[in-house]
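Okay, so here's the structure we're looking at.
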Amino acid sequence: MKGFKEHDGLNLPNIAEQVLEKWKNEKTFEASIATREGGPSFVFYEGPPSANGMPGIHHVMGRTIKDLFCRYKTQRGFQVNRKAGWDTHGLPVELGVEKELGITKEDIGKKITIEEYNKACREAVMRYTDVWNDLTEKMGYWVDMSDPYVTYENNYIESVWWLLSQLYEKNMLYKGYTIQPYSPAAGTGLSSHELNLPGTYKDVKDTSATALFKVTSSELQVVSDATEKGNLFFMAWTTTPWTLPSNTALTVGANIDYVLIDTFNPYTAENQKVILAKALLTKYFKTDGLEAEMSYTPSDKMLPYRVLASFKGFELVGSRYEQLLPYAQPMRDADKAFQVIAGDFVTTEDGTGIVHTAPTFGADDMQVAKAAGVPPMLVENENGDPVPLVDLQGRFVMNVNDPVWGLAGEPVKAEYLSDAEREAAFEKQKVSLKEHIPNLSNYLSVDERIALKLKLEGKAFKVEKYQHNYPHCWRTDKPILYYPLDSWFIKASSARDKMIALNNTINWKPESTGTGRFGNWLENVNDWNLSRSRYWGTPLPIWRTGPYGPLMEECVGAIAEFTEKNAYYISEECLDEKGNRFDGQSLRKYLGEKRMMGENVNTIWNDLIRSRKIKTFASLPEEMIDLHRPMVDYVIFFRNGLVLARELDLIDVWFDSGAMPYAQWHYPFEAGHKMPDGSVHPAAQAANETKGMFDSASPLGRGSRGGLDWKEKVIPYDKELTERARQMRNNPTEGERNVWQHLKGKQIGGYDFDRQKPLNSFIADFYCQELSLIVEIDGKSHLSEAQQKKDAARDKKLGALGLNTLRFSGDLVHNKIDEVVGWIQTYVSCFEKDDWNAFEKDGINFLNKYAGKNWKPVSDAGKNPPPSPLPRGGSSTHPLTPSQEGELGIPFPADFIAEGVDQTRGWFYTLHAISSMIKGSVAFKNVVSNGLVLDKNGLKMSKRLGNGIDPFETLGKFGPDATRWYMITNAMPWDNLKFDLDGIIEVQRKYFRALHNSYSFFALYANVDKFTHAEAEIPLANRPEIDRWVISRLNSLVKEVEEAFDNYEPTRAGRAIQDFVVDELSNWYVRLCRRRFWKGDYSDDKIAAYQTLYRCLINVAKLSAPIAPFYSDSLFCDLNNITRKDSANSVHISGWPAINESEIDNDLEQRMALAQTASSLALSLRKKENIRVRQPLQKIMIPVISAEFEKHLKQVEDLILSEINVKELEYIKDDGVFVKSIKPNFKALGPKVGKNMKVLAGKVAQFGQAEIQQLETEGSIQLDLDGEPFELIKDDVEISTKDIPGWSVASEGAMTVALDITISDVLRSEGIARELVNRIQNMRKESGLEVTDKIILMVEKQAEVTRAVESNKNYICDETLASELSLEEAITNDKAINVEVEDGISTRIFLQKAE
RNA sequence: AGUCCCGUAGCUCAGCUGGUUAGAGCGCUACACUGAUAAUGUAGAGGUCCGCGGUUCAAGUCCGCGCGGGACUACCA
């Protein structure tokens, strides 16, 4: 009979490998989903990683968390679909590609076409998919990688477009002019991501100026009065004096206190009055100045001043002032410029409390100015367009021309100048500034010159260098500017209330992330800036007319709309005068200009159409459509003589990932999808109809259900391939022509075949999509081995996409075309019947018939059925089939998501925002945000420090189970984890070894006894105390673990399991029960022991399966394969243990705790007295505190006695022999005595035995607490026995144990006998005897030993399985061993196996 | 700068609604145990509970202000 598997040692990596193999073979993952069919579903969303970087150890952490809850829910009976995904767009991809190609952004469109660039990105982005897939598998992350969503695929983008079009229809998408970080040196706007790259913020010293703006009018009387007297100024501070010419407003805080000061200009010494915030007065004036005489010369140290008036900021609002540097006037609403407005961003932390406001160069400035109706400083350029005073190169426009100081055409930051330019400028300055600065020593920046000019003109109060942190462009290292740029925005702010309300329904782990970080973020949501000026990403689907006519706009929400709305495509032949191909933008400009010149645009257009230079979109072959640049930039609309060209922006990649609940299913375009308003998208309607047709009529429905995701992979857009196919189509070989005669025109079963069809990266001779069939005709060249290898690889690859390839030799096609056609028909009928066995059978005949001579099967069709186009096991069980549930027809919202806490304002936000706006629903109900994985010193892992941990090495060395267990149990998921490999070793040693040893112990003896759990369960009532105890604990454990997992607290679950296994199961239950397993007959007690341990082990396997999926499965199978108590072949398919409340016995658990304490105390006493545990002692005594205590203790008496090797336990009633100690019960006393506690505690501490006695017998005692009488009652104190005079005593808490340490001769003999047994057992083991072998034993006579053997003969024989035991005068056998029984006593022992 | 998390023994972490002597494991030292044995038990050494203030009879725990580490967001005169 097969027994429980006995392992040599514990090798976790090996076990993981074996289990992985088993999962693959048995398709356990698929089964774990299939077997939950019909059950409730648990929706999980996978946050897509980017496959263009290597995975790190932190991914193991994040994915463990995701995985374990999915597994847990599966065990609880939920069906958990989890579709993998890849994030493929975005800057990191672009940067990687640029680095590789050695180009920069400026080269795109010059050295490399956008098309080539994007192709490179597309290839680069999936570079590490293999590595990722490998990690996914090795770490045991169950996610379906066979059909992942990929954000660059057309279907994905189409869904994203649809979402955007929804927002557009809700008027939530708008184009706005906003201030964004911009690098003039690089000529590009920067995303906040780029601004947050390391090293972008640098401490720099800039010239700061406190400028004086001359007040011209005010509604506030005091100010108005002062104005009339002249020389009244607002003080405003800036660290960027170059923005002062663009000043159009001053901003004050409405509730900030301001003061009107009479003083002098520190530079010109002119008497003047200034206004600034009261709180900042001391920054500019020393208090002594208040008393100083009101006179001043520039060399004076002390600036005298007087406070004339004080008022609130709002009183200043509407005051007017003189333009500080009147180089230019705002184009529009100039009359509303130069006034005081209020803004809530104003603080009194630095500056003057009055903020210089240049709406063209500050985000806050722009917002506050817009709200107040103050115009930005925009001037007209040569084209008549409004532009700011600084151009895109960072240079002042010509308007800003100062006869003395220059400025026009100069860069506003000196860093933008090259050394040579700077030198040249310096030379010029020497001349032009001679009047003001005779010996100019170095180049003066724009900031410095403006400050200087203000100083000289008396318009500056203070000029100084100021050190601050300023962002720099990470690529050019030059400072960035905040610059107004056109952008598209989502009006997220209008959905704020909804988002906040919905967020309150989300269960965040930890809660603080949701209420705090995320909540606060929502309170202050800004509109979402979608625009990115890049190349590799989802294009913004908005088409617009240009400045040459009325504005028309089109937001495209589906590919089909191009056709419906009559889109056109600019072909390669459509060139401008210089011979460059037109794109939408340039054509729009070209035609617009013609139109302005009065030409008939329609005529030109008609010529373009007629000459096929512009085609209708509808005429494009489907495979050409790629929703990326540049393709989409060639798509245009033409209305009323105007071209609508696409806005060049791409969208923020975060929108891509936030769209995944929809886009991963190509929502709303597929069958079964419903739009939020309940209607059905026309595309989905069509799909429904097709689906219905197939569903009812034939099994084909399933085959064709690959959907468009699948199609994208199969039919790629590849110009070269398409072209080659076209050529081949035009020049068919004779064989191809032969076959085509029989396939064309739906001759076979009404199925449509294509010839020379580009598929994946190949061209198939004949292809039928409905049949998922490729027919190849192999000419002579295919006879070569090399070619056959290639063919095999090709078939395999296409097979993976669900396509079958039938190959026919050229000869066959020429000579037996009927056979070939017949064979294709066989395929068709097998396909229709979904009967691949028949196919295989016939296939073998067929192949036998034709194989060998001309053609060998290159696929292994002879061995296996060809790759079925149908999901294995039928589509209903395929993991990728979304359960068509919920209102939208897609799994929505998610029950659970998990990512790093860094995603709070990333993915978590975009998911939440999009679903709030589109559906008015949360996107996820529960979210775990996990912390970072740091190195063991708490430092961030980075390539630079070289402190990263290679996940593969870790998994390989320690196995995924230990790694996962360590990560989960070490720290709460949301705390940062200090990752230390030693910690994994510890987990391995402690938890897994304890569990493994417990199993090995079980297996060893169960096999000896042939236990297979065949006997009926022995009723709990008939099992001994310790069994009931461990089962009670097990039930409590299940409860605790269940609660922890339900609350998304895996750490608690793991720790509970670990404590149970190590402390309770292994170190208590198994230890105390050892003898039950190997002593005596196969009795009920023994069976009970096996059943109990079995139950513990199998349930621990189930409980720990979510965290340690491999080992748990191995343990489960090791146990279950023999007993077959569970029909499941994997722990992940079996269910979750039920809690049996009736088996939980708190009383019993308490009793056992007593036993443990008592044993521990007794062992401690032995140690103190230096008495070995093997030496039996006569008695221990335990004072009983209460009847209950005694009752409890009696029930576990046997356990204690055997554990500590003592003969009897005596219960001592209180008869005054104990020394007692007393301690106040603070919790009870606190409310009663309050601040007298200290006095009382002092008194109680001084109680002698008499007082304690009195309290115990009378129940109370009168005390005097600083004059207040107080009656102390028994419940106010805790009394415990601490000592028994004359005994060896130890105590812990309420329990005290006294040990009788006298060793009688009998005890001593017994002790020696035990020592002997121990030595003999060791010898047995050393000589390699089986645990069941009987022995013959000889012991040499020695006074004490002889006595011990004689009086304990039965015991010794029993323990050592000796069938004979003889005492010998002298043992001569040279295999006898000299043993020292105890100090000074030794003998010789000989044993041999009894026959 | 703002928001949030974290700070307890050499290391990794517990410490419930405040209760007086702050715990566990690892590591270290010593001893013991031994048919689970690279396990286990007992004992020992090891603490400014990040600091300072406050509330309270009582603070590791609650509050305030700092410091250090981290994350995100923002960059503002």
In whole Å, measure the gap between the [atom1] atoms of [N] and [M] for me.
N: B/C52; M: B/U42; atom1: P; result: 37 Å
N: B/C49; M: B/C67; atom1: C1'; result: 16 Å
N: B/A59; M: B/U17; atom1: C1'; result: 15 Å
N: B/A38; M: B/C50; atom1: C1'; result: 39 Å
N: B/C4; M: B/G64; atom1: P; result: 11 Å
N: B/U12; M: B/G2; atom1: P; result: 30 Å
N: B/A1; M: B/G10; atom1: P; result: 32 Å
N: B/A58; M: B/U73; atom1: C1'; result: 41 Å

Report task. Starting from the 5' end of RNA chain B, give me the residue, A/I1171 or A/P1224, whose nearest nucleotide shows up first. Result -> A/P1224
Report task. Report the residue (A/W974 or A/N1318) whose heavy-atom-nearest nucleotide on RNA chain B is the more 5′ of the two. Result -> A/W974
Looking only at the side chain of [X] (C-beta and beyond, no hydrogens), which of the listed nucleotides [options] gets closest?
X: A/N1067; options: B/C33, B/U40, B/A14; value: B/U40
X: A/R1074; options: B/G41, B/A36, B/C13; value: B/A36
X: A/S1164; options: B/C11, B/A38, B/A43; value: B/A43

For the pair made of [atom1] in [X] and [atom2] in [N], what is the distance, rounded to whole Å?
X: A/F1001; N: B/U40; atom1: CZ; atom2: C1'; answer: 14 Å
X: A/E6; N: B/A36; atom1: CD; atom2: C1'; answer: 13 Å
X: A/I968; N: B/U12; atom1: CD1; atom2: P; answer: 18 Å
X: A/E1203; N: B/C33; atom1: CD; atom2: C1'; answer: 11 Å
X: A/M972; N: B/C13; atom1: CE; atom2: C1'; answer: 10 Å
X: A/E899; N: B/A71; atom1: CD; atom2: C1'; answer: 15 Å
X: A/F1002; N: B/A36; atom1: CZ; atom2: P; answer: 16 Å
X: A/N930; N: B/C5; atom1: CG; atom2: P; answer: 17 Å

Under 4.0 Å, counting only non-hydrogen atoms across every strand here, what does [X] touch: a base, just sugar-phosphate, or nothing?
X: A/S1000; value: nothing
X: A/F908; value: nothing
X: A/R1166; value: nothing
X: A/T251; value: nothing
X: A/R1071; value: base

Considering every strand shown, what is the Watson-Crick or G-U wobble mate of [N] when both distances are under 3.5 Å?
N: B/G2; answer: B/C72
N: B/U40; answer: B/A32
N: B/C49; answer: none
N: B/A9; answer: none
N: B/G27; answer: none

side-chain N/O [X] vs [N] OP1/OP2, d < 4.0 Å:
X: A/R989; N: B/G27; value: yes
X: A/N970; N: B/C13; value: yes
X: A/K990; N: B/U12; value: no

Query raised in the report: Which heavy atom in A/S246 sits nearest to a heavy atom in A/P359, and how many Å separate them?
Result: O-CD, 4.0 Å
Regarding [X] and [Y], is there a side-chain donor-to-acceptor distance under 3.5 Å anywhere?
X: A/N1047; Y: A/R1052; result: no
X: A/N503; Y: A/W508; result: yes
X: A/W1068; Y: A/D1063; result: no

Query raised in the report: Any idea how A/W528 and A/Y909 line up, ring-wise: parallel (<30°), tilted (30 to 60°), or perpendicular (>60°)?
Result: tilted
Query - Ring geometry between A/H996 and A/Y999 (parallel below 30°, tilted from 30 to 60°, perpendicular above 60°) - result: tilted
Requested in this report: Tell whether A/S1066 reaches the base of B/A36 with its side chain through a donor-acceptor pair below 3.5 angstrom.
Outcome: yes
Query raised in the report: Would you say the side-chain atoms of A/T1051 pair up with the backbone N or O of A/A971, donor to acceptor, closer than 3.5 Å?
Result: yes
